[in-house]
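To start, the structure under review is shown below, and the notes come after it.
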Amino acid sequence: TPSCEPETPLCCRRDHYVDFQELGWQDWILQPEGYQLNYCSGQCPPHLAGSPGIAASFHSAVFSLLKANNPWPLGTSCCVPTARRPLSLLYLDRDGNVVKTDVPDMVVEACGCS
Amino acid sequence: AQRAGSVCPSCGGPTLAPQAERALVLELAKQQILEGLHLTGRPIITHPPPQAALTRALRRLQRGSVVPANGEQVISFAAITESSTSTCSSTLTFYLSTPRSHHLYHARLWLHVLPTLPSTLSLRIFPWGPRRRRRGSHVLLAEHQLTTPGWHALTLPSSGLRHEESGVLKLQLDCRPLEGNSTAAPQTQQLLDTAGEQRPFLELKTRPKEPGAGRARRR
């Protein structure tokens with residue numbers, strides 16, 4: 001899924017980097033220094049509904065044509081994450097212990113229309 | 001969230017001003033992290049471990065060690081060390097808050113032996129508690145020969161640590177000369193760095209309990 005271009009109306013991935021220093025949390029999250037908080041937004045027109053990952057390809061073009069020629073309920077398609085990955089965190093717990101853990105589904109990698 | 005017949009919120013809606021959007025993103029990030037770590041609020045760290053001790057401990061750990069999905073690897077520094085002035089005996093206290101939903105499957109105690117090690121000594125580790133020892137219910141967690149100064153990693157049976165539900169784990173360290181060795185055992189302070197940059201630490205690995213695992217084991 002491509003990142004959103006400015007003024008992109010269609011469903012795409014919006015990339016935001018969050019620095020833990022900006023949150024004031026650098027005292028307890030040791031690593032990493034920040035992470036990529038991405039989210040999905042944009043319009044899902046009827047012909048794109050149910051097509052996760054709207055990359056221009058032969059298959060997506062055929063899929064879009066099929067959708068365009070078939071009645072599709074309006075307003076029921078959402079721009080949602082279709083692929084996520086975990087984030088490895090090293091942090092201090094309330095007892096001052098160092099904890100390393102992988103938090104699942106933290107980083108959105110791809111978006112698509114539900 | 002999507003309600004029947006409504007327009008999906010991610011499909012449109014008013015565009016936020018950049019500052020407002022940034023504030024929203026930061027708030028979302030906070031919520032996402034706390035939720036992912038199963039915390040209700042950010043931990044308040046009153047006694048952070050010294051940076052140097054932390055760096056040394058992290059270097060000691062296995063590189064590229066894999067934490068299982070939803071599992072945790074914890075480094076806990078000995079918070080309090082009580083040492084006997086007359087014998088080679090010491091008690092290490094660790095404060096742990098491992099979730100009860102997790103199962104401890106790996107435990108190692110790291111000790112830094114000072115270069116003043118006089119000779120080969122035998123180090124024995126018990127769960128702390130004189131009462132336990134008198135009743136004969138104590139368990140020898142580990143026995144190790146100290147032959148060289150430097151870092152020593154002692155694998156502890158995770159079964160011996162599972163019953164510590166109070167969140168406080170105390171380990172008693174006793175050392176003594178090996179049989180036939182006439183050298184008197186030194187005091188603990190002469191043997192171990194217990195509070196400095198090379199203070200003892202526990203390395204624990206946990207993973208989520210599998211549903212029905214206890215039942216299967218009993219069967």
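It should be emphasised that the depicted structure is a prediction, and the values quoted were computed from it without experimental measurement.
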Leading residue by heavy atom contact count with chain A [cutoff under 4.5 Å; candidates [options]]:
options: B:Ala79, B:Ser76, B:Gly36; value: B:Ser76
options: B:Glu21, B:His47, B:Lys30; value: B:Lys30
options: B:Thr46, B:Ile33, B:Leu202, B:Val74; value: B:Ile33

Taking atom NZ of A:Lys100 and atom CD1 of B:Ile75, what is their separation to the nearest 0.5 Å?
9.5 Å
A:His16 NE2 to B:Leu26 CG distance, which is reported to the nearest 0.5 Å:
9.5 Å
Given a strict heavy-atom distance threshold of 4.5 Å, which part of [X] is in contact with chain A: side chain, backbone, both, or neither?
X: B:Ile44; value: backbone
X: B:Leu204; value: neither
X: B:Leu54; value: side chain
X: B:Glu27; value: neither

Looking at [X] and [Y], what are the two nearest heavy atoms and their distance?
X: B:Arg22; Y: A:Val18; answer: NH2-CA, 4.1 Å
X: A:Asp95; Y: B:Tyr95; answer: CB-O, 3.6 Å
X: A:Asn97; Y: B:Leu96; answer: ND2-CA, 3.9 Å
X: A:Leu92; Y: B:Pro49; answer: CD2-CD, 3.9 Å
X: A:Leu37; Y: B:Val25; answer: CD1-O, 3.9 Å

Pull out the residues in residues 19-26 of chain A that come under 4.5 Å of chain B, heavy atom to heavy atom, sorted by number.
A:Phe20, A:Glu22, A:Leu23, A:Gly24, A:Trp25
For the CZ atom on A:Arg94, are there more than 12 heavy atoms of other groups (residues, nucleotides or ligands in this structure) within a distance under 6.0 Å?
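Count not over threshold, so no.
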Apply side chain to side chain contact (heavy atoms under 4.5 Å, CB included) to the pair A:Asp27 and B:Arg42, showing each step before the final yes or no.
CA-CA 10 Å; A:Asp27 63 326; B:Arg42 58 147 296 167; 2.7 Å; yes
Is it true that B:Gln32 and A:Tyr39 share a donor-acceptor pair across their side chains at a distance under 3.5 Å?
no
Could you look at A:Leu30 and say if it's the side chain, the backbone, both or neither that has a heavy atom under 4.5 Å from chain B?
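The side chain, not the backbone.
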